Amino acid sequence: HRSPLNDFQRLRATELLAVPAEPPPPLPEQGSAEQCAQRCATSLACRAFHYDRQSQLCQLLSWTQHSPHVQLQKNIHYDLYQKKDYLRDCIVADGTSYRGTRATTEKGLRCQHWQATTPHDHSRFLPSPRNGLEENYCRNPDRDRRGPWCYTVNPKVRHQSCGIKKCEDAVCMTCNGEDYRGAVDHTESGTECQRWDLQHPHKHPFHPDKYPDKGLDDNYCRNPDSSERPWCYTTDPGREREYCHIRFCKKRPRPLNLTTGCFRGKGEGYRGRVNITVSGIPCQRWDAQTPHQHHFVPEKYPCKDLQENFCRNPDGSEAPWCFTARPTVRIAFCFQIRRCPDELDAQECYHDHGERYHGHISKTRKGITCQPWAAQAPHVPQISPVTHPEAHLEENYCRNPDNDSHGPWCYTMDPRTPFDYCAIKPCLAQSWLMPMLLADAVAFEQCGRREERLQQKGR
Amino acid sequence: IIGGQPGNSPWTVSIRNRAGVHFCGGSLVKEQWVISTRQCFFSCDADLTGYEVQLGTLFKDPGPGDPDKQTIPIVQIVCGPSESQLVMLKLVRPATLNRRVALICLPPERYVVPAGTVCEIAGWGETRGTCCGPGTPTLGSPWKLVPWGDTSLWVPQGDYGGPLACLTADCWVLEGVITPSRICARTDQPALFIRVSLYVDWIHKVIKM
């Protein structure tokens with residue numbers, strides 16, 4: 001169930017230009033991205049490929065972005081897939097598959113070229129198309145357990161390890177690893193991860209487009225849902241998801257701008273002592289599992305300050321919240337905590353309904369990126385710069401072209417959510433109620449009628 | 001809901017979890033859309049696979065052969081403006097309207113219900129241990145809406161999300177949604193409902209989009 005794409009790192013809307021292209025790349029071939037990956041994986045010369053999603057054409061390449069005389073450039077028609085082994089600056093297992101461009105040893109000695117025989121003559125490891133011994137890059141042709149090594153240019157030191165770190169050590173993680181962007185792509189039991197942009201073997205809600213700021217690249221371990229540690233869906237159909245083993249950073253994480261009397265943004269830095277919900281229901285203690293069981297155990301979330309039963313935001317929700325002490329209400333927001341005044345400066349609040357808001361916020365209140373007003377995907381807009389030329393529908397900024405009484409909004413990049421409101425508050429509290437309409441001023445059609453005689457008739 | 005009597009509220013739906021257990025009420029405002037309260041759901045991104053609504057029955061747990069019962073899975077939750085505490089639930093297919101299943105009207109935007117209007121709330125919430133005594137919770141309970149007066153509503157578990165329906169121009173209109181309040185309602189405390197007329201533009205927009 002592993003996809004051939006698992007061996008590749010994807011760069012969206014990017015083209016790799018080689019100047020001049022020699023040898024000229026082969027002609028593009030038809031096929032899906034996975035079929036291209038399969039072809040490239042089995043070709044010794046192939047190290048990357050362009051994939052044109054529209055025409056379903058792919059072009060195999062024998063170079064990567066680290067090759068000489070190449071450059072990356074934006075091209076919305078292509079995605080560039082490059083073999084991970086050529087890009088990663090860390091090693092998996094003993095680094096036999098490492099094809100990076102490190103060329104110095106752990107003591108800083110420059111490596112001797114593999115086809116050179118001076119200062120160190122050797123015949124065991126000469127370059128061939130298959131063994132990846134090229135230039136003077138660190139390699140591990142003999143499966144040395146210390147990882148990639150090389151002959152050195154120092155006549156006194158024949159060869160030396162390059163000291164390239166294992167991927168699980170190369171990038172460490174702080175707190176629960178929500179910010180982890182390293183290159184570990186196996187779980188702690190050694191199972192390979194499923195790509196986030198694939199829905200097999202496991203269907204899942206974490207589309208990279210839907211959560212652009214969660215770093216859901218390729219099949220690397222990530223923590224998009226505030227779990228205890230980074231994890232991934234696995235390529236084992238029998239095991240949906242599993243944690244990954246990643247080293248903790250020794251240094252403490254940089255503290256969020258903590259607040260106590262108010263909250264900024266979504267309130268992830270709120271450390272006040274409010275402990276009842278907006279509707280006045282007391283909060284349940286975080287270290288308790290009744291009346292509601294949950295996984296936000298304080299000791300597993302050291303950076304979230306889940307003390308006592310204070311309102312907190314450990315999972316990036318739209319505001320501080322808590323489990324409630326009432327069995328029938330699992331969680332509730334603590335919207336009664338006010339937003340910090342400095343946050344609501346001129347741009348970040350709107351007057352009236354915000355129909356004249358021209359700020360640059362372009363995320364919904366749940367943190368989903370807005371869809372550009374001129375775009376047709378993932379949602380075909382009913383309101384666009386064409387239909388509403390005077391509404392300043394620029395880029396993907398929040399706007400209120402239809403004078404929605406709840407403020408600026410936008411179409412969203414989440415295929416399942418056509419539109420949502422933005423995290424912008426009204427500058428002044430508004431009284432929305434209008435004088436009472438006379439009852440006979442209203443009329444209704446095809447609703448609100450029932451057979452009254454059924455009212456009396458029990459069963 | 002304390003007191004009241006069995007009634008026919010064809011827009012009131014029972015929202016059920018994966019175990020088929022009723023946990024909140026809702027109101028059918030469009031064939032494929034139900035309104036309820038945010039407090040009934042864990043998150044705006046909740047995966048509602050296995051959750052469903054039950055319509056067209058009088059009894060909370062109707063017999064398997066109940067001819068009018070409709071059970072429709074929920075396919076999506078859409079949260080309202082933050083302060084609204086409302087959600088809209090999209091059903092996987094439209095409900096069939098008949099004598100037991102009907103749409104409730106939506107009020108005009110920002111409409112205020114005149115005092116003295118006849119209103120009712122409905123739900124299958126647990127009434128165990130209250131003055132109504134045991135027996136299968138049934139639907140319905142007409143009440144007179146009084147402004148800030150001596151209401152004595154106690155809205156126990158499971159009625160949250162259900163409708164406050166008021167009779168206007170001979171039609172029943174969804175003027176409020178039952179929401180968990182600070183404490184149980186008492187004679188000196190008015191019952192609290194979410195004023196739907198403030199969010200009618202959002203409701204129409206969700207349905208349209």
Side-chain angles (χ1 to χ4, degrees), chain A residues 205 225 276-281 315 317-319 324 326-333 335 365-366 379 382 402-407 409 411 416-421 423 425 432-459, chain B residues 6-11 23 29 38-40 42-45 47 58-59 76 78-85 99-100 102-114 117 138 140 157-158 160 165 168-173 179-183 192 195 198-199 201-202 205-206 208-209:
Chain A
D225 62 348
I276 59 168
T277 71
V278 67
S279 47
I281 305 173
D315 64 349
S317 290
E318 57 190 292
T324 81
R326 187 175 293 180
T328 56
V329 184
R330 183 171 168 80
I331 68 139
F333 286 101
F335 284 125
R365 55 190 170 156
K366 287 191 276 182
H379 306 286
Q382 294 162 21
D402 57 348
N403 195 22
D404 187 313
S405 65
H406 306 291
W409 57 278
Y411 291 101
R416 295 176 356 130
T417 309
F419 83 99
D420 200 4
Y421 297 100
K425 288 291 176 203
W432 285 323
L433 295 184
M434 66 189 292
M436 210 174 300
L437 275 176
L438 295 176
D440 59 9
V442 290
F444 304 98
E445 287 172 18
Q446 289 162 5
C447 61
R449 295 189 185 280
R450 67 186 177 194
E451 293 182 32
E452 291 305 338
R453 66 183 175 76
L454 285 175
Q455 184 72 350
Q456 280 68 41
K457 187 179 161 200
R459 280 261 170 114
Chain B
N8 174 32
S9 180
W11 34 78
F23 65 93
V29 294
R38 170 80 174 74
Q39 308 272 17
C40 289
F42 178 69
S43 121
C44 292
D45 273 332
D47 171 12
L58 272 186
F59 296 97
Q76 184 177 3
V78 182
C79 279
S82 301
E83 76 289 343
S84 70
Q85 293 300 305
R99 61 194 191 126
R100 285 269 185 236
L103 302 182
I104 191 168
C105 306
L106 287 168
E109 282 195 35
R110 296 187 300 284
Y111 179 71
V112 174
V113 186
T117 304
T138 53
Q157 333 308 352
Y160 298 148
T168 304
D170 293 334
C171 295
W172 287 95
V173 183
T179 185
S181 55
R182 182 179 292 270
I183 47 173
L192 292 177
R195 189 189 292 272
L198 279 184
Y199 305 103
D201 56 348
W202 167 70
K205 194 166 181 171
V206 170
K208 190 173 75 168
M209 287 207 187

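Since the model is a prediction, treat every value here as computed from it, not as a measurement.
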query = Please walk me through it: do A/Arg450 and B/Arg99 pass side-chain contact (heavy atoms from CB on, under 4.5 Å)?
reply = CA-CA 7 Å; A/Arg450 67 186 177 194; B/Arg99 61 194 191 126; over 6 Å; no
ask   = At a heavy-atom separation under 4.5 Å, does B/Val78 approach chain A through its side chain, its backbone, both, or neither?
value = neither
request  = Dump the intermediate steps for side-chain contact (heavy atoms from CB on, under 4.5 Å) on B/Leu106 and A/Phe444, then the final yes or no.
outcome  = CA-CA 8 Å; B/Leu106 287 168; A/Phe444 304 98; over 6 Å; no
Approximate separation, where rounding is to 0.5 Å, of A/Tyr421 OH and B/Cys79 SG = 12.0 Å
inquiry  = Is A/Asp402 close to chain B through its backbone or its side chain, or both, or neither, when contacts mean heavy atoms under 4.5 Å?
reply    = side chain
ask   = At a heavy-atom separation under 4.5 Å, does A/Gln446 approach chain B through its side chain, its backbone, both, or neither?
value = backbone
key: Contact origin within A/Arg416 toward chain B - heavy atom pairs under 4.5 Å   = both
query = If we only count heavy atoms from C-beta on, is the A/Trp409 to B/Trp202 side-chain gap below 4.5 Å?
reply = no
task = Measure the spacing between CZ of A/Phe333 and OG of B/Ser82 and express it to the nearest 0.5 Å.
result = 8.0 Å
query = Are any non-hydrogen side-chain atoms of A/Phe335 and B/Glu83 less than 4.5 angstrom apart?
reply = no
ask   = Please walk me through it: do B/Asp201 and A/Asp404 pass side-chain contact (heavy atoms from CB on, under 4.5 Å)?
value = CA-CA 7 Å; B/Asp201 56 348; A/Asp404 187 313; 3.6 Å; yes
query = Does a side-chain N-to-carboxylate-O contact under 4.0 Å join B/Asp170 and A/Arg449?
reply = no
key: SG atoms of A/Cys447 and B/Cys105 less than 2.5 angstrom apart   = yes
B/Gln39 portion near chain A, given a 4.5 angstrom heavy-atom threshold = both
query = Does any heavy atom of chain A fall under 4.5 Å from the side chain of B/Val29, the backbone, both, or neither of them?
reply = neither
